[in-house]
Amino acid sequence: MEAWQKALLAWYRQNARPLPWRKEKDPYRILVSEVLLQQTRVAQAIPYYHRFLARFPTLKALREASLEEVLRVWQGAGYYRRAERLHRLSREVEALPPSFAALQELPGLGPYTAAAVASVAFGERVAAVDGNVRRVLSRLFALENPSPRELFSLAQGLLPEGEDPGEWNQALMELGAVVCLPRKPLCPACPLAAFCRGREAWARYPRPRRREAPEEGLAALVLLGRRGVYLERLAGRFRGLYGVPLFPEGELEARAQAFGVAPRYLAEVRHALTHRRLRVRVYGAPWDGEGEDPQAKPLPKLMEKILGEALPLLAHAGVVPLPHAEPHGIKPR
DNA sequence: AAACCGGGGAG
DNA sequence: CTCCCAGGTTT
């Protein structure tokens, strides 16, 4: 083991944050943490980790739940396909397979998550390369734009002999999360500063990725019936969750006609996704139907915003009072 | 290779 | 406002 590897492990053993999954050994619990952490900050994932495991403590408990129950617990965490795939996984296997190769075949597990579970839960000697590791290794070796294959190969060769591969992987990630920050690396505090080839020009490693998020104009139709709001099961975006009809702005007239209503404009709501900026014009109308209580269904944040704007206005218009309609937000948490 | 998929915190 | 996070799947 080289000097920098010893330095990193020593640093990690002194500085590892006491994250809730770090004291777990149950592969299922490790898996849940890793899936929740996909493209999600630690601080955001922690409450969902506790909530999810309290409700679904084992793979069996998850398997016996309905997808809608699972989505209700996942509500607010984003990337809802993760929950769908985790649920599907629970029905595809009796127990988690203890190898990187087999794990990667499961729904929702790509190279990173499979490697993380294999190394942390099963001790397999395989490198887990996430965004942190990509950044740390790019800077350490001054790589401007390494490919995923190149990074995995590099990281695989760096796994120290005779050490816990799960601990090693987490040490690299921890360094990226706490010290080797994207826009403000704390080089003076870094245990690898003396070994880092990219330190002087850290901003070049890795080269920042371009992304543009074009704006998309949509309309939402809030129909207030006798017992609540008209909700439908969403498809495509937010698949599996519920919400009011959401469609391209140009379709408003046709949609209103299909429901036999004359909607009026209520508000505008903005919502950012990774690759789109949504601008939603919210329309509402009294509706000759039943409707239901939105709090009983899993809703994406966008729908909470829409209802939070629309319901007070519709209620104020004296249309139909909705049970427990709050002035802002439907169900914080 | 590029598009798609949420939400939130930091700067 | 922009950036990006313990990514994966689909086309």
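So that the names make sense, note that chain A is the first sequence line, chain B the second, and so on, each numbered from 1.
Spacing between atom CZ of A/R276 and atom C1' of C/dC3 amounts to 18 Å, rounded to whole angstrom units. Here the C1' atom of nucleotide B/dC4 and the CZ atom of A/R277 are 17 Å apart, to the nearest Å. Taking atom CG of residue A/L273 and atom P of nucleotide B/dG8, one finds them 12 Å apart after rounding to whole Å. Per the geometry, CZ belonging to A/R207 stands 16 Å off P belonging to C/dC3, to the nearest Å. Across the protein-nucleic acid pair, A/L36 atom CG and B/dG7 atom P stand 14 Å apart, rounded to whole Å. A/L302 has its CG atom 13 Å from the P atom of B/dC5, to the nearest Å. The distance between atom CG of A/L181 and atom P of B/dA10, rounded to the nearest whole Å, is 12 Å. Separating the CZ atom of A/R270 from the P atom of B/dG8 is a distance of 18 Å, rounded to the nearest angstrom.
Looking at heavy-atom distances under 4.0 Å, A/A77 makes contact with a base.
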Response to the item:
Protein-proximity profile, nucleotides 6-11 of chain C, B/S/- by nucleotide at the 4.0 Å heavy-atom cutoff, equals BBSS--
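Dashed line: the shortest gap from a side-chain N or O of A/H271 to OP1 or OP2 of B/dG7 is under 4.0 Å. One finds no side-chain N or O of A/K184 lying less than 4.0 angstrom from the OP1 or OP2 phosphate oxygen of B/dA10.
When the P atom is compared between C/dT9 and B/dG8, the two are found 24 Å apart, to the nearest whole Å. Comparing the C1' positions of B/dG9 and C/dG8 gives a spacing of 23 Å, expressed to the nearest Å. Here, B/dC5 and C/dA6 have their P atoms 23 Å apart, quoted to the whole Å.
Residue pairs meeting the salt bridge (Lys or Arg N to Asp or Glu O under 4.0 Å) criterion with at least one partner in residues 20-45 of chain A, sequence neighbours excluded, are A/R22-A/E174, A/E24-A/R29. Within the structure, every pair that satisfies the ring pair (Phe, Tyr, Trp, His ring centres under 6.0 Å) test and touches residues 7-26 of chain A, not counting sequence neighbours, is listed here: A/W21-A/Y49. Under the salt bridge (Lys or Arg N to Asp or Glu O under 4.0 Å) criterion, the residue pairs touching residues 92-110 of chain A are A/R63-A/E94, A/R88-A/E92, with sequence neighbours excluded. The stretch residues 214-256 of chain A participates, sequence neighbours left out, in these ring pair (Phe, Tyr, Trp, His ring centres under 6.0 Å) pairs: A/Y230-A/F259, A/Y230-A/W287. The list of ring pair (Phe, Tyr, Trp, His ring centres under 6.0 Å) pairs with a residue in residues 113-151 of chain A, not counting sequence neighbours, is empty.
Place A/R183 and A/Q44 on DNA chain B by their nearest nucleotides, and A/Q44 ends up nearer the 5' end.
When hydrophobic clusters are built by joining Ile, Leu, Val, Met, Phe, Trp and Tyr residues whose side-chain heavy atoms come closer than 4.5 Å, directly or via intermediates, A/V32 is grouped together with A/Y80. Under the 4.5 Å side-chain heavy-atom criterion for ILVMFWY residues, no single connected hydrophobic cluster contains both A/W168 and A/L37.
Within a heavy-atom distance below 4.0 Å of DNA chain B, no residue of residues 144-167 of chain A is found.
Scored by the salt bridge (charged side-chain N to carboxylate O under 4.0 Å, His left out) test, A/R277 finds no partners at all (sequence neighbours excluded).
Ring centroid separation for the pair A/F52 and A/F56 comes in under the 6.0 Å cut-off.
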Acceptor/donor pairs from residues 149-161 of chain A side chains to any protein atom, 3.5 angstrom cut, sequence neighbours excluded:
unit_1: A/E150; atom_1: OE1; unit_2: A/S147; atom_2: N; d: 3.3
unit_1: A/Q156; atom_1: OE1; unit_2: A/A127; atom_2: N; d: 2.9
unit_1: A/Q156; atom_1: NE2; unit_2: A/R125; atom_2: O; d: 2.9

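Between C/dC5, B/dC5, B/dG11, one nucleotide has an atom nearer to the side chain of A/H275 than all others, and that is B/dC5.
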